[in-house]
Every structure is written in structure tokens, then in C-alpha cells.
Amino acid sequence: MTSTVVLMLAVFAASAVEMVEALTIVVAAGTTRGWRSAFEGSAVAVVALAAIVGAVGVPLVHLVPIDVLRVVIGALLLVLGLAWLRKAILRSSGHKEMHDEDAIYARTVAELAGDEEPTRVRRDAVGFVVAFKGVFLEGMEVVLIVLSLGSSAHKLGLAAAAAGAAAVVVAGVGVLVARQLSEVPENAMKMGVGIMLTSFGVFWAGEGSGVRWPGSDLSILALVAFFAAVTALSVMAMRRVLPGAVGRSRDGVAARLDEVAGR
Amino acid sequence: MTSALGRYVVAFGRFWWDFLVGDTPEVFVGVLVVVGAAVGLRHERTGDVVVTPLLTVAVLALSTYRGRRRA
């Protein structure tokens, strides 16, 4: 029960982070090339991703021995979780620029604005492809998380439902806030998800290789608490012992947005 | 047809290379060490429960230290 809740939270938060990035690209494509092509590109990408989950996920659960699956998936989750944690620690301690949705938006709009003027009535191939690629590539990471966490816990349906819920929430928020996606606390979310993915990674890699964790599934909570403490200490240590922090450069982004908007 | 298939294979390989190794090869190698230790110590109950998380912390510390911005 406990591990199911943590698993659904991890899938929901990880999916939400990736979907915010995809939404930024779709909004940029929609505003510059027309909404019809952007929506169609996104819809085709979502269908392709759902087909991949069905085609890969179901055989994975039924054909691969569970212990092998858990070791491989534990390793995969560790790679993903540690990479996210590393980035979140570096950003929180000022050793790396904050991920900025405004910058991504400005860059995508600038790239699209350079292409041939789209016709609003007919389909626009550039808008379609940019939206498709944005949703498909960001979505692939969601698919990997859904397949990894869902199949190793034999809860693929629940994991897919959590990702679906994240899609609905992010799309809803996207409709409401449109271009204020930079207000989403992405780094904090990424840090939380990194902690959860790393904890699940250690747990499954150990479980699959024969480790009997004390308290069984409850040890996931202990691992989450342990990696949360390690992360907090790492941020403090990076700030104090290894100075070199830089502020978040929003001026450059604002200037770029003004430039794109012709202000 | 063959060249198109080749392109897809290359793109597929590149996706996994970027995903698993990318600009943090130490994380990939470190995870292999963590998983290897988990398999190797599976009969040492206490050892494995303690060593696996600690090795993971060591990989995180090493990778974060490598990625720091120098003053």
C-alpha cells in the first residue's frame, strides 16, 4: 500500500515535470505556427507513446523473469534518478543555471519565426513536426518511468493512470497560465522526483539481486528519507564549501523575449 | 529502404547512449558498480542493505562534484 502510493506520486511528479517541458514547446509552436497543427502533432505523439507502452510494457511484465526485470529497471531508475538529483543539487546551490521555461519558449519561437509564414487555415508541417517532436521526446522519458516503475511493481495500469492524471493536470494548468510556465517550481519537483527514483532504483536493484530489505516495502520510505537528507546536506555543502554560485540570469531571457516579441 | 532503416537504428542507438551515458559517464559506470555490489553482496544481508545506498551516495557526490561551477 505504502509503496503503491509512493510509486504513483513518483510517476505523477516525474511525468508532470516532463510534460511541462513538452507543453512549453507546444505553446510556442501553437502561437507561432497555428494551434491546429500543434494540437495534431501533440495528439499523434501521445498515440505513438501509448502504443509503445502497450507493445513493450505488456510483454515485459509477462515474459521477463521478475528478478531480472527488477535489477535492470533498478539500474535504469538509478541512472535517471541520480542524473536528476545531480542537476537539482547543482541548480539549488547555484552551480548551474536554473532550467528556464521562458528561455525554451523564446528559443523555440525564435527558431519557428525564421521559417516560412504559415497559413492559418491549412495544416502547417513545421508546427506539426515541432509539436510532435517536443511531445514525443519528452514523453519517451515518461514512458520509460511508467514502464520501469509500473512493470517492476506489477502495477503498470496504476503507473499509466498516474501519468495520465499528470497529463490532465499539466494540460489544465497550461490552458490557464499559458505562457507563465516558468512559475512552475520545476527544480523543486525535479529534486523530489530524483529522490524518489533513486530510492526506487536502490530498492529494486537490491530486491532483484536477492537482498531482503528490513520491513520489505516500508524500507522505500526509509530510503526516500535517507536520500532527501543526503540531498539537503549536499546542497548546503556545495553552497558553503564549494562557492562559485551564480544568480539566475533572468535579464538575458527577458531581453530575448522582448527581442522575439519585437519590443 | 535500407538507409532509412539504418538511420532509425542509429537514432535509436543515439537516444539510448544520450539517455544512459550522455555527459555524465561517471553516473553510468557508478550505477554498474552499485548493481554489481548488490548482486555480489546478496548473501551478506546487513552488508548489502548498508553498502548499496552508501555506494549510491558516493556516485552522487562524485558526479555532483565533477559538475560544479568553478569559482
Side-chain angles (χ1 to χ4, degrees), chain A residues 67 70-72 74-97 137 140-141 144 194-195 198-199 201-215 219 222-223 226-227 229-231 233-235 237-238 241-246, chain B residues 1 3-71:
Chain A
D67 283 343
R70 284 176 173 169
V71 170
V72 172
L76 206 62
L77 289 174
L78 271 177
V79 169
L80 199 59
L82 286 173
W84 281 30
L85 262 189
R86 171 187 183 273
K87 264 186 210 165
I89 290 169
L90 289 172
R91 283 178 180 147
S92 293
S93 60
H95 287 264
K96 190 175 171 68
E97 294 289 339
L137 291 177
M140 269 310 283
E141 220 158 319
L144 286 172
I195 289 167
T198 305
S199 305
V202 170
F203 180 79
W204 288 130
E207 186 96 342
S209 57
V211 177
R212 293 291 159 254
W213 294 98
S219 54
L223 286 169
F226 173 67
F227 284 111
V230 167
T231 303
L233 288 173
S234 301
V235 172
M238 291 289 284
V241 185
L242 296 169
V246 289
Chain B
M1 180 69 184
S3 64
L5 184 67
R7 275 203 306 275
Y8 283 121
V9 171
V10 170
F12 186 73
R14 190 171 294 150
F15 169 80
W16 280 102
W17 175 265
D18 287 345
F19 181 74
L20 292 174
V21 181
D23 54 359
T24 53
E26 73 279 2
V27 170
F28 180 68
V29 175
V31 167
L32 291 181
V33 172
V34 170
V35 173
V39 174
L41 291 169
R42 65 187 179 279
H43 300 303
E44 306 285 333
R45 181 180 162 148
T46 314
D48 203 1
V49 166
V50 173
V51 169
T52 313
L54 288 182
L55 269 179
T56 307
V57 171
V59 174
L60 177 64
L62 172 73
S63 181
T64 309
Y65 184 77
R66 273 199 70 212
R68 76 199 185 282
R69 182 178 297 227
R70 287 175 181 81

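Here the structure is a predicted model, which is why all the values come from computation and not from measurement. Just so it is clear: chains get the letters A, B, ... in the order the sequence lines come, proteins before strands, and each one is counted from 1.
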*Non-hydrogen atoms of chain A under 4.5 Å away: do they reach the side chain of B:Val21, the backbone, both or neither?*
neither

*State the OG1-CZ distance between B:Thr56 and A:Phe227, to the nearest 0.5 angstrom.*
4.5 Å

*Positive for side chain to side chain contact (heavy atoms under 4.5 Å, CB included) with A:Ser209, one of B:Thr52, B:Val39, B:Leu41*: B:Val39

*Is the closest side-chain heavy-atom distance between A:Leu82 and B:Ser63 below 4.5 Å?*
no

_B:Leu60 side, atom CG; A:Ile89 side, atom CD1 - distance, nearest 0.5 Å_ = 4.5 Å

*Highest number of heavy-atom pairs under 4.5 Å with chain A: which of B:Val34, B:Leu55, B:Val57?*
B:Val57

*What closest approach, in Å, do B:Pro53 and A:Leu223 show between heavy atoms, and which atom pair accounts for it?*
CG-CD2, 4.0 Å

_For A:Ala75 versus B:Val35, what's the shortest heavy-atom pair and its separation?_
CB-CG2, 3.8 Å

*Would you mind checking which part of A:Thr198 comes under 4.5 Å of any heavy atom in chain B, side chain (CB onward), backbone (N, CA, C, O), both or neither?*
side chain

_A:Val79 versus chain B, the contacting section by heavy-atom distance below 4.5 Å_ = both

*A:Val211 and B:Ala38: which non-hydrogen atoms are nearest, and at how many Å?*
CG2-O, 4.4 Å

*Side chain, backbone, both or neither: which part of A:Leu144 has a non-hydrogen atom closer than 4.5 Å to chain B?*
side chain

*Indicate the atoms forming the closest heavy-atom contact of A:Arg212 with B:Val49, along with that distance.*
O-CG2, 4.2 Å

*For B:Leu20 and A:Leu76, which heavy atoms make the closest approach, and how far apart are they?*
CD2-CD1, 3.8 Å

